[in-house]
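This report refers to the structure that appears directly beneath it.
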Amino acid sequence: MKQATTVRVLFVCLGNICRSPTAEAVFRRDVERAGLARAFEIDSAGTTALHAGELAHHDTRACAARRGVAITHRARRFVREDLARFDHVLAMDHENLRAILLHAVDDAARAKVKMFRALEHDAPPDAEVPDPYYSGRFDHVFEICERASAALLAHLRERHGI
Ligand code: 4NP
């Protein structure tokens, strides 16, 4: 019998209340639509504990809810063990990427860490998901997450043969 594959994916931003919970929820929706919910474990975290325990930002949740996506995640801080537990760790911006890599103890850990938008079609190289916390551009963030999520799912399906 074929062994069931579980692909563990973690999205990471600064506060874990805007960008990474959006990426997590959009990716989960895409995975469910593809009938692959059992093949993935999906979570998000922040490089700081600034908002630990909180629901996502009101505007993040409202923006997603308008598009039929529920965000119920409670913020938590990224911890070193996440690099052992997850297969793919996706950073929203370069500051997040650097903060995550400080926890990477070897090449295997470093190889798991990528920019979320790295696979997105037609995105500039090294594209980031811009922080909406002060800009208020929550819709823009949601749209970016939709494009990047689709690209990531296509990549992971091919990579893991699912
Ligand atoms: P996030 O957005 O990293 O996308 O969750 C932010 C949330 C909180 C803060 C900054 C960005 N903050 O400074 O509290």
Side-chain angles (χ1 to χ4, degrees), residues 7-33 40-104 109-156:
V7 182
R8 295 179 174 84
V9 181
L10 181 69
F11 298 94
V12 180
C13 62
L14 182 77
N16 194 210
I17 56 167
C18 300
R19 293 166 292 174
S20 61
T22 301
E24 175 196 348
V26 168
F27 187 70
R28 181 174 291 112
R29 178 203 63 186
D30 291 351
V31 160
E32 285 171 1
R33 276 184 181 166
F40 283 91
E41 181 183 321
I42 306 163
D43 195 8
S44 65
T47 59
T48 68
L50 282 169
H51 297 274
E54 295 177 19
L55 285 171
H57 191 288
H58 173 271
D59 294 338
T60 290
R61 284 183 286 134
C63 172
R66 281 197 296 277
R67 294 159 163 95
V69 176
I71 299 182
T72 57
H73 180 77
R74 292 267 173 187
R76 72 169 180 91
R77 187 177 198 164
F78 175 86
V79 290
R80 172 160 302 172
E81 292 71 35
D82 286 323
L83 277 172
R85 177 171 150 217
F86 289 90
D87 305 304
H88 303 279
V89 178
L90 289 318
M92 299 296 118
D93 67 29
H94 288 94
E95 190 186 317
N96 309 148
L97 188 80
R98 277 191 293 276
I100 297 163
L101 286 172
L102 289 176
H103 294 277
R110 275 184 284 278
K112 295 177 175 185
V113 189
K114 305 257 164 49
M115 292 289 282
F116 179 39
R117 298 189 70 186
L119 301 158
E120 192 187 319
H121 224 58
D122 297 333
D126 290 338
E128 301 185 326
V129 183
D131 187 347
Y133 191 67
Y134 295 108
S135 72
R137 300 189 70 199
F138 292 91
D139 290 303
H140 182 56
V141 164
F142 192 93
E143 285 154 18
I144 289 173
C145 286
E146 291 213 293
R147 291 198 294 274
S149 171
L152 177 66
L153 181 56
H155 171 78
L156 294 181

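Please read these numbers as outputs of a predicted model, since none were measured by experiment. Counting starts at 1 for both ligands and their atoms, following the listed order.
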Between Glu24 and Arg28, is there a side-chain N and carboxylate O pair less than 4.0 Å apart?
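Counted as a salt bridge, because a side-chain N and a carboxylate O are separated by less than 4.0 Å.
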Any carboxylate oxygen within less than 4.0 angstrom of a Lys/Arg side-chain nitrogen, looking at Glu143 and Arg67?
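Yes, this pair counts.
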Could you identify the single nearest non-hydrogen protein atom to [atom] and state the distance to 0.1 Å?
atom: atom 8 (C) of ligand 1; answer: His51 NE2, 3.4 Å
atom: atom 1 (P) of ligand 1; answer: Cys13 SG, 3.5 Å
atom: atom 11 (C) of ligand 1; answer: Asp131 OD2, 3.0 Å

Going by the atom numbers of ligand 1, which of them fall below 4.0 Å from some non-hydrogen atom of [X]?
X: Cys18; answer: 1 (P), 2 (O), 4 (O), 5 (O)
X: Tyr134; answer: 13 (O)
X: Asn16; answer: 5 (O)
X: Leu14; answer: 3 (O), 10 (C), 11 (C)

Tell me whether Arg19 has any N or O atom under 3.5 angstrom from an N or O of ligand 1.
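Between Arg19 and ligand 1, an N or O pair is found under 3.5 Å apart.
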Please verify the inter-ring angle class for Phe138 with His57; under 30° counts as parallel, over 60° as perpendicular, anything in between as tilted.
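Rings of Phe138 and His57: tilted, 30 to 60°.
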Heavy atom under 4.0 Å from ligand 1: found in Leu50's side chain, backbone, both, or neither?
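Looking at Leu50 and ligand 1, just side chain atoms fall under 4.0 Å.
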Where does Ile17 meet ligand 1, judged by heavy-atom distances below 4.0 Å: at the side chain, the backbone, both, or neither?
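Both the backbone and the side chain of Ile17 come within reach of ligand 1.
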